[in-house]
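Here's the structure we're looking at; comments come further down.
Every chain is numbered from 1, with letters handed out A, B, ... down the list of sequences. Note that the structure is a prediction, hence the values are computed from the model and not measured. Just the heavy atoms: all of them, side chains too, but no hydrogens, waters or symmetry mates, feed the values below.
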There are 2 protein chains.
Amino acid sequence: MTEYDAVIVGAGIIGLATAYHVKKQQPNDRVVIVERMATAGQGNTAKSAAMFRCFFASNTNLTLVDTTVEFFKHIQNELGRDLKLRWAGYLWLFSKEHYKMVEPILRAMSRNGLSHTVYEGEELVERLNLVSRVSDDQEAQIIGLSDVEKGVFVPKAGSIDIDLLVQFYEREFKNMGGIIQYNTRVEKILVEPKRPLNMPDEPFFWQQSRAAGVTTNRSIIRAKKTIVAAGVWANSLLHQVGLYAPMEPIKRQLFSVKAETEELRKLLHVGGLNPEHCMPFTILPEPTVYIKPALEEEAFWLSYGDSFPREFKLEDDPQPEENFYRYGIYQVVTKYFPQFSGAKPYGAWAGQYALNTIDGQPVILEENGLLTVGSCSGSGNMKADAIGRIAAALYSDEDYADLFGGKRFKVSDLGMLKRKVEREKLII
Amino acid sequence: MTEYDAVIVGAGIIGLATAYHVKKQQPNDRVVIVERMATAGQGNTAKSAAMFRCFFASNTNLTLVDTTVEFFKHIQNELGRDLKLRWAGYLWLFSKEHYKMVEPILRAMSRNGLSHTVYEGEELVERLNLVSRVSDDQEAQIIGLSDVEKGVFVPKAGSIDIDLLVQFYEREFKNMGGIIQYNTRVEKILVEPKRPLNMPDEPFFWQQSRAAGVTTNRSIIRAKKTIVAAGVWANSLLHQVGLYAPMEPIKRQLFSVKAETEELRKLLHVGGLNPEHCMPFTILPEPTVYIKPALEEEAFWLSYGDSFPREFKLEDDPQPEENFYRYGIYQVVTKYFPQFSGAKPYGAWAGQYALNTIDGQPVILEENGLLTVGSCSGSGNMKADAIGRIAAALYSDEDYADLFGGKRFKVSDLGMLKRKVEREKLII
């Protein structure tokens with residue numbers, strides 16, 4: 001039976017980026033991805049809002065995103081593979097109170113060379129026909145909405161066609177000789193003693209054991225190293241062998257609203273804010289409902305990342321909830337953007353975040369020949385390349401990863417034993 | 001319908017100690033414990049080895065244990081309630097390599113006023129008929145056993161009758177007017193908006209919500225604060241409302257071996273080491289199989305806390321595995337203590353640790369009116385009183401808890417947001 005150098009569980013964006021960089025760093029290694037679906041990137045990768053933002057409070061997050069976005073640009077501009085990058089920018093609306101909290105983060109961003117523009121609430125009223133003063137509205141009071149004091153616009157941010165990114169990694173991985181087995185479900189991690197005695201019931205607890213591949217619904221795939229990049233499904237495998245990634249699956253819903261009225265069309269194509277001449281990706285004050293301009297479909301995507309009492313529960317096919325839009329998002333959005341009055345979604349879908357409940361940052365670690373890469377907390381797409389490089393460095397037993405652009409990243413910073421990350425404060 | 005001030009889920013040792021201290025601090029508060037079993041302390045509390053040790057590398061652990069053990073002494077000596085404290089001490093056997101690692105911990109312990117004695121391997125050979133040199137034995141080589149270089153004896157350690165401790169807290173809690181509902185299974189946490197609008201489908205995500213009690217198989221119990229102290233079962237409830245305690249359930253097995261031979265009786269009742277004139281609780285070098293002297297039944301309890309690839313899996317009634325003793329514990333123990341040759345267990349049972357995979361320390365936190373107290377990682381019994389006091393301080397909105405003896409403990413140190421603990425290095 002063939003023994004691979006690496007078997008990777010999951011052909012989502014994280015598994016693909018990891019596979020690509022493993023193969024790039026170790027061209028002679030035999031690398032196989034096992035994916036239960038029929039094609040790549042069809043799990044939660046495909047269900048995301050597919051946005052990116054070089055705007056985080058934590059330096060770790062900023063580094064992961066910024067180098068990944070630079071790689072996106074490299075793919076599109078230098079490798080000539082269109083990713084449909086749209087530089088809509090992020091416009092984050094803040095109440096007076098929250099703006100005070102975010103000011104030190106903005107100063108740190110400027111020091112790091114990441115530009116941003118601060119708009120006064122009144123200016124946004126003019127440009128976007130935004131209602132900045134909601135506090136005298138009785139319904140808004142009940143909902144608990146705050147007036148918009150400022151808007152922070154971050155230009156290095158926008159959207160990507162995630163399918164095209166998936167296709168880039170998949171094709172390049174295959175071109176280097178990488179193998180992907182689709183329609184194959186991994187059932188368990190194969191564990192073997194490092195020094196087998198060929199006795200029944202091995203391994204005994206006094207034997208050192210290692211992950212030696214995976215058992216799938218079709219066959220056993222043996223490998224020197226096993227890499228679990230299965231997102232929210234990772235813990236179902238890891239728990240079987242007493243490992244874990246600190247993450248909980250939580251549902252996220254997106255609702256698509258067509259720009260059918262004159263007012264909505266005007267909002268979608270507002271000029272003067274970004275090179276795309278469109279509404280930026282806009283985040284409302286608490287609750288941080290967000291609006292994505294979806295230019296390709298003349299629409300907006302609306303969403304909100306709710307927490308307590310939203311359950312943690314693994315679902316293969318989570319469903320959007322009509323009332324989440326009707327009594328949630330709609331009520332909030334129309335107070336600030338009356339343009340949405342009467343708007344009903346023409347489409348809706350749901351996915352799951354693999355939410356790292358400890359610090360909101362990714363986890364990349366190795367134990368007993370098993371690498372875990374995940375817990376991306378809803379920002380896996382925009383960090384994928386950096387995460388893939390760090391995972392590949394760990395696979396190659398390197399202490400540091402070289403991120404795109406040359407920045408070095410200490411691999412153990414994203415592990416658990418010597419973890420060194422800051423809890424992210426700018427969560428949507 | 002009655003509204004309680006506090007409903008506590010779980011009448012294990014942590015739930016009881018918490019209930020006792022809540023009621024002690026707030027005598028007028030109406031406090032109810034809900035327990036699915038027929039009596040108290042029948043879950044994993046009852047299944048533990050019921051040992052305690054003032055011997056930890058982490059200061060947090062040392063403080064929690066030391067003040068709890070002082071409270072045990074207070075109960076027995078000053079309140080006159082026998083807990084069957086047995087001061088057998090802990091004898092931790094170390095290889096040369098591991099002893100070097102533990103030396104700084106021993107120095108720190110001495111500075112904290114916790115005495116210990118270091119025995120040379122040769123001295124233990126004489127006193128215990130121990131085989132210290134195993135490295136020339138072929139089987140021991142295969143198993144990977146190390147020679148015993150030193151033994152560290154910690155006198156402030158021993159065993160307790162955990163049922164008696166359970167009865168103490170239960171009776172005192174009831175004497176203060178506390179209520180316990182047995183045979184009642186909590187099915188979910190009740191969540192309500194802080195300011196209800198009396199609309200269907202509340203709470204909406206823009207409403208602030210809080211835990212308002214629990215729904216059981218019998219009724220709804222409303223409470224101002226809800227305290228989940230359900231050990232390994234906690235996350236089944238917490239996940240339903242998007243909360244969690246960082247812990248995984250992992251099986252632990254105990255095997256009881258009668259001191260039926262002359263050699264075993266001699267070992268059990270060895271003199272000169274502790275006031276009980278018995279073998280200390282003894283921990284072997286890696287793998288750290290341990291032996292507890294069970295004087296009441298003229299027996300030893302043997303166990304080992306295995307990790308990878310032992311699965312994380314919640315079980316209501318975990319079962320001991322015959323081969324875990326036969327090919328695991330037995331093989332290791334008999335190399336150091338040939339007195340056990342031929343010994344078969346006359347009894348065996350299994351329970352589960354609520355293993356905090358992050359740092360091995362307890363978690364005590366409050367979110368939205370819901371307190372979580374747990375993740376005790378197998379040392380909940382020996383820390384119960386301190387944990388109960390810290391949980392009660394959190395319940396009373398105090399920043400500091402007064403532990404027994406007057407030591408103050410910052411409540412937020414065991415939370416998640418401002419957590420301040422060291423990862424424990426002395427794990428059995």
Side-chain angles (χ1 to χ4, degrees), chain A residues 142-145 189-192 195 197 199-211 235 238-246 248-250 286-287 289 304-314 321 323-324 326-329 331-332 355 357-359 367-368 370 416-417 419 423, chain B residues 142-145 189-192 195 197 199-211 235 238-246 248-250 286-287 289 304-314 321 323-324 326-329 331-332 355 357-359 367-368 370 416-417 419 423:
Chain A
I142 292 171
I143 299 178
L145 301 182
I189 310 286
L190 195 66
V191 173
E192 290 183 354
R195 277 173 291 177
L197 302 171
M199 285 169 68
D201 285 330
E202 282 189 277
F204 307 113
F205 67 67
W206 39 264
Q207 285 177 297
Q208 288 195 314
S209 297
R210 57 176 276 272
N235 274 331
L238 296 173
H239 284 178
Q240 290 178 17
V241 294
L243 297 176
Y244 79 106
E248 304 294 343
I250 187 165
E286 307 266 305
V289 167
Y304 176 67
D306 59 330
S307 52
F308 179 84
R310 168 67 59 189
E311 67 187 337
F312 294 141
K313 183 185 167 195
L314 184 60
E321 300 150 17
N323 284 350
F324 192 81
R326 187 184 300 166
Y327 298 120
I329 290 170
Q331 303 299 330
V332 175
L355 189 69
T357 41
I358 311 296
D359 54 37
E367 286 171 282
N368 306 306
L370 192 145
M416 289 308 292
L417 275 172
R419 190 165 184 78
R423 185 185 282 261
Chain B
I142 291 171
I143 300 178
L145 301 181
I189 310 286
L190 195 66
V191 173
E192 290 183 354
R195 277 174 292 176
L197 302 171
M199 283 169 70
D201 285 329
E202 281 189 279
F204 307 112
F205 67 68
W206 41 263
Q207 286 177 298
Q208 288 196 314
S209 296
R210 59 176 274 270
N235 274 333
L238 297 173
H239 283 179
Q240 290 178 18
V241 293
L243 298 175
Y244 79 106
E248 304 294 342
I250 188 165
E286 307 267 305
V289 167
Y304 176 68
D306 59 330
S307 52
F308 179 83
R310 168 68 60 189
E311 69 187 337
F312 294 141
K313 183 185 166 194
L314 184 59
E321 300 150 17
N323 284 350
F324 192 80
R326 188 184 299 167
Y327 298 119
I329 290 169
Q331 304 298 330
V332 175
L355 189 67
T357 40
I358 312 294
D359 54 35
E367 286 171 283
N368 305 309
L370 191 145
M416 289 307 293
L417 275 173
R419 190 162 184 80
R423 187 185 281 261

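Note: H239(A) and F312(B) have perpendicular aromatic rings, judged against thresholds of 30 and 60 degrees for the angle between ring planes.
In terms of heavy-atom pairs under 4.5 angstrom with chain B, the leader among Y327(A), Y244(A), F204(A) is Y244(A). Interface summary for chain B: among V191(A), V332(A), V289(A), the most heavy-atom pairs under 4.5 angstrom belong to V191(A). Of the residues considered (G144(A), P246(A), A211(A), G242(A)), G242(A) shows the highest number of contacts with chain B, using heavy-atom pairs under 4.5 Å. Interface remark: of the candidates L417(A), T357(A), N235(A), D306(A), T357(A) forms the most heavy-atom pairs closer than 4.5 Å to chain B. Ranked by heavy-atom pairs under 4.5 Å with chain A, the first of E248(B), E367(B), M416(B) is E248(B).
With a threshold of 4.5 angstrom between heavy atoms, L370(A) does not approach chain B through any atom at all. Interface remark: R210(A) contributes backbone atoms only to the contact with chain B (heavy atom separation under 4.5 Å). There is no contact between I189(A) and chain B, counting heavy-atom distances below 4.5 Å. Interface remark: I250(B) contributes no atoms to any contact with chain A (heavy atom separation under 4.5 Å). In this structure, no portion of L145(B) lies under 4.5 Å from any heavy atom of chain A. Looking at L355(B), neither its backbone nor its side chain comes within 4.5 Å of chain A, counting heavy atoms on both sides. Residue F324(B) touches chain A through both its backbone and its side chain, counting heavy-atom pairs closer than 4.5 Å. When heavy atoms are compared at a cutoff of 4.5 Å, S307(A) does not approach chain B at all. Using a 4.5 Å cut-off between heavy atoms, Q240(A) contacts chain B through its backbone alone, with no side-chain atom that close. Only the backbone of R310(A) comes within less than 4.5 Å of a heavy atom of chain B; no side-chain atom from C-beta onward does. Both the backbone and the side chain of S209(B) have a heavy atom closer than 4.5 Å to some heavy atom of chain A. Heavy-atom distances place both the backbone and the side chain of F308(B) under 4.5 Å from chain A. Heavy atoms closer than 4.5 Å to chain A are found in both the backbone and the side chain of I358(B). Residue L238(B): no heavy atom, backbone or side chain, is found under 4.5 Å from chain A. Within the 4.5 angstrom heavy-atom criterion, only side-chain atoms of P287(B), from C-beta onward, approach chain A.
In this structure, CZ in R419(A) is found 11.0 Å from CZ in R423(B), a value given to the nearest 0.5 Å. In this structure, CG in N323(A) is found 11.5 Å from CZ in F205(B), a value given to the nearest 0.5 Å. Summarising the geometry, atom CG belonging to D201(B) is positioned 9.5 Å from atom CD belonging to E321(A); distances are rounded to the nearest 0.5 Å. Between atom CD1 of residue I142(A) and atom CE of residue M199(B) there is a gap of 9.0 Å, rounded to the nearest 0.5 Å.
Enclosure of atom CD in Q208(A) is not indicated, since only 12 or fewer non-hydrogen atoms of other residues, nucleotides or ligands lie within 6.0 angstrom.
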